[in-house]
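Notes follow the structure.
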Amino acid sequence: MRITITESLNAFYSVVAWRIAEVIVEKPDAVIGLATGRTTTGVHQALAGIYAAHPFDTSRVTVFGMDEITHVSRAFPGSCYDMLLRQVVRPLGIRPENFLMPPTESDDYSRECRAFEDAIAARGGVDLQILGIGENGHLGFNQPGTPFESTTWISRMDETLDARIRRESGAAPDADLGGFTIGIRNIMMSRRVILAANGSNKTAIVRKALYGPVTPDVPASVLQLHPFAEAILDPEAASLK
Ligand code: GLP
């Protein structure tokens, strides 16, 4: 795996953002998988800044969110849909029909999982998948223990995330929150993947994921097997090297 360590947090956001911009410029009809969270919020801000300063053609690019919270309204400001809409789709002028998102609400989630995969496949598969990493090594909502063969599915929230989402979303106390997520296999089928990690809370897990055994106990460790994977780290996330 290629490892890029940036000089500062700002440089980290900027380097990841430029990777995304470059893919769109090189392949205007690229399909790009995005992740949400604190890490990518900074990346998306940098990307919007690049686009504002150096506009490029976004009329044919497809972006999709790799995961989404289920059983909440799409309108709540913490849904992945809402974050990507505000952070990427609107600032870059991406066409609504080229923004693919799993639904937050459905009466048949397994059908939605298949439909989401089919929609991405119909556009030619994924050129670039951007990934954050959870402190326990999760990718998307694929928690430790998720089989490497997994395809798009609904995962259970871990307790911390469940509590955070309930707090932020005003979800009903009895709502059965889940995580709609592309699977590990889908991630590995992307032509290129970038794992973006910053901050001292990620240092230990980054070290495990990049240098430890490849095991479903650390979902991100699977990226060691990807032929075109790059980890981009800020100085803090890289500090235990
Ligand atoms: C969340 C999301 C992931 C994200 C990860 C890291 O659970 N489902 O897609 O990559 O956690 O989030 P953060 O960047 O906020 O640390």
Side-chain angles (χ1 to χ4, degrees), residues 6 9 12-13 15-17 19-20 32-47 63-72 74 76-88 100-102 104 113 116 126 128-146 150 152-169 171 177-184 186-188 190 193-210 218-223 229-234 236-238:
T6 57
L9 181 59
F12 161 79
Y13 290 135
V15 167
V16 182
R19 293 285 193 278
I20 300 171
I32 300 177
L34 299 172
T36 50
R38 289 155 295 184
T39 311
T40 53
T41 294
V43 169
H44 298 157
Q45 270 168 11
L47 180 60
V63 297
F64 69 90
M66 70 176 299
D67 56 11
E68 180 58 285
I69 300 156
T70 65
H71 302 99
V72 295
R74 227 182 207 187
F76 112 82
S79 76
C80 302
Y81 171 85
D82 186 72
M83 284 198 267
L84 292 178
L85 186 67
R86 283 185 290 112
Q87 295 178 0
V88 178
L100 309 181
M101 278 309 286
T104 56
C113 288
F116 191 61
V126 181
L128 173 65
Q129 177 66 55
I130 302 291
L131 300 165
I133 182 171
E135 287 172 33
N136 62 1
H138 72 243
L139 295 177
F141 283 121
N142 298 287
Q143 297 288 355
T146 305
S150 56
T152 306
W153 66 299
I154 310 292
S155 139
R156 294 213 59 81
M157 290 283 165
D158 67 14
E159 277 174 28
T160 323
L161 199 55
D162 186 280
R164 176 171 129 194
I165 290 166
R166 276 177 207 282
R167 230 178 17 249
E168 292 172 1
S169 70
L177 299 182
F180 190 120
T181 184
I182 63 168
I184 301 289
N186 304 108
I187 293 169
M188 292 299 280
S190 310
V193 298
I194 288 177
L195 180 75
N198 70 283
S200 54
N201 59 324
K202 299 290 172 70
T203 315
I205 194 63
V206 161
R207 182 184 172 86
K208 268 194 182 176
L210 302 189
V218 181
S221 66
V222 75
L223 301 175
E230 178 182 12
I232 304 181
L233 311 173
D234 84 325
E236 287 193 346

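Counting convention: from 1, in listed order, for ligands and their atoms alike. Source: prediction; values computed, not measured.
Looking at ligand 1, you won't find any N or O of Arg164 less than 3.5 Å from one of its N or O atoms. Inclusion of Leu161 in the set of residues having an N or O under 3.5 Å from an N or O of ligand 1 is not warranted.
Nearest protein heavy-atom neighbour of atom 6 (C) of ligand 1: Ile133 O, 3.6 Å. In this structure, the protein non-hydrogen atom closest to atom 16 (O) of ligand 1 is Lys202 NZ, 2.7 Å. Gly132 CA, 3.2 Å is the protein heavy atom nearest to atom 10 (O) of ligand 1.
More than 12 non-hydrogen atoms from other residues, nucleotides or ligands lie less than 6.0 angstrom from CZ of Arg86. Residue-environment remark: NZ (Lys208) stays at or below the threshold of 12 foreign heavy atoms within 6.0 Å.
If you check the side chains of Thr203 and Glu236, you find no donor sitting under 3.5 Å from an acceptor.
The CG atom of Leu85 lies 9.5 Å from the CZ atom of Arg74; values are rounded to the nearest 0.5 Å. Here the straight-line distance linking atom CG of Asp82 with atom OG1 of Thr36 works out to 10.5 Å at 0.5 Å rounding.
The Gly37 neighbourhood of ligand 1 comprises atoms 14 (O), 15 (O), with distances under 4.0 Å to a heavy atom of that residue. Remark: ligand 1 atoms within the under-4.0 Å shell around heavy atoms of Asp67 are 2 (C), 3 (C), 8 (N), 9 (O).
When side chains are defined from C-beta on, Thr70 counts as touching Ile154, because their heavy atoms get closer than 4.5 Å. Put simply, the side chain of Leu131 reaches to within 4.5 Å of the side chain of Leu223, judged on heavy atoms.
Ligand 1 lies within reach of His138, whose nearest heavy atom is under 4.0 Å from it.
Proximity of Thr36 to ligand 1, defined as any heavy-atom pair under 4.0 Å, is confined to the backbone N, CA, C and O atoms. Heavy atoms from both the backbone and the side chain of Thr39 come within less than 4.0 Å of ligand 1.
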